[in-house]
Amino acid sequence: MTRKASRFSLFTLAFLTLLIAVSGCTPSLSEVQAFGNASKALGLSARQALELSDSSTVDRQIYNVAANKAVGPTEGTFTGLFSGHAASLRLRLDVLDHLTNYAAALEALAAADLSKDVDKAATELKGALSGLSASFKKATNSGKDLVSEGELNLIAAAVDAIGKGIIEYKKREAVKAIILQADPAVQKASQLLERELGKSSELATFVTANITNIQAQMQIGYNDERTRATSTFGERLAALRRIQAQALAAHDAPNFFDDVSKGAAKMAKAHAALKSAVQDNEFTSPEVIRSVNELIAIAKSVQKFHESLQPR
Amino acid sequence: MPTLRGNISDVVNTLQKVLLNTTVAQDQIELSKIINVYFILWQQVILDQIDKNDPDYKAALDELDDAESAAKSALKDLKKVVNAISRATDAAKAVDKVVNLAVKIIP
């Protein structure tokens, strides 16, 4: 009995030691997931920033018609900046979408625990990087691919190596290969967004002017209405609150673009930190944690700003 | 280095400040009209590749500078709004020569 108990204890001890050793040697992919999640959120906000140049144009035109009794709406009243031949803006949206898809697929791969999830994420990763490369080439008129066919094949090979059964080690190897191969593309695409969506960028200036013009049209409408015999205190107060909110939106608009631009820089920095970590077979480091946390914070701030810019 | 986009943006921003500060109905209407013309021109220069060596380009930049100065004066003294609109109209015509949009300059 004593001998049996002792053998049991030894077995338990050995098992526990093995378990501790295995968990200790298994770097977590949680920072990779956090990076993917925050980058995805930031990408969506950046898309909203680009789309604001279109929607705020239509809003301005509508408010102008509403504020001037002498004119009525035409087809042009509802036509935004993207209509017609704004191909350069559309190409930037494509770059952004592929970058966002990359972040989402990387997050999905890091979180996958079923073979079919890995296959799906891997297909999306290859598609996102291939799309990112093609759209960046078009948007910048550069003749060179961001990610070559050879690099895409390396990623595919790394993901194929995972096989059908999920083995954490192999999944990490695939994530590592992907981060290493994708980094130059992520850096260049992020730089493009950082540069073109800054506080003083053309789009930021144009959107801010649109929002300010809407405020002016609201004021014209207010001045027209306030002298009417039917005008009430409650209506005037409510209208003034809406104008105040619009003035705040005009004030926030450059900050929104500033944050999107800074967010793109943080995304590049966090990806570079991940690259540096995976080169040492780690999936986290103090720098990764710091830069991913900065990315998460700015992604939240950007979302908050965007909500304040919505039409009232 | 001044650009058409930058100078248009400066004129629009200053005219909009004037618009936000005036309560004279006729001034508001006229200012809104000319600002709308500028938005149309601005959209065009965002979308177009413009030849900066075109002599009309330099002339448009100078006109826009004058228009911005007139708008700044109007911001200090709202009695000068009519002059600001007139200068802004001249500058819009000069920009239109560069972008060839043939915008109908209203006032």
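Per chain, numbering begins at 1; letters A, B, ... match sequence-line order.
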* Structure fact -> Applying a strict 4.5 Å limit to non-hydrogen atoms, the region of A:Asn64 in contact with chain B is side chain

Is any side-chain heavy atom of [X] less than 4.5 Å from a side-chain heavy atom of [Y]?
X        : Y       : result
B:Asn36  : A:Arg60 : yes
A:Asn210 : B:Trp42 : no
A:Thr205 : B:Asn13 : yes
A:Asn68  : B:Ser32 : no

* Just wondering, more than 12 heavy atoms not from A:Lys262 lying within 6.0 Å of its NZ? -> no

* State whether the number of non-hydrogen atoms from other residues, nucleotides or ligands found under 6.0 Å of A:Lys188 atom NZ is greater than 12. => no

* To do: Using only heavy-atom distances, determine whether the side chains of A:Thr57 and B:Gln43 contain a donor-acceptor pair under 3.5 Å.
  =>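 On atom types as modelled, these side chains do not qualify, holding no pair under 3.5 Å.
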
* Which portion of B:Leu20 sits near chain A, non-hydrogen atoms under 4.5 angstrom -> both

* Is it the backbone or the side chain of B:Gln16 that comes under 4.5 Å from a heavy atom of chain A, or both, or neither? ->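 Just its side chain gets close to chain A.
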
* Asked: Checking side-chain contact (heavy atoms from CB on, under 4.5 Å) against B:Leu19, which of A:Gln215, A:Gln217, A:Gln219 comes through?
  ->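 Option passing the side-chain contact (heavy atoms from CB on, under 4.5 Å) with B:Leu19: A:Gln217.
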
* Kindly compute the distance separating OG1 (B:Thr23) from CD1 (A:Ile220), expressed to the nearest 0.5 Å. =>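 If I round to the nearest 0.5 Å, the distance is 11.0 Å.
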
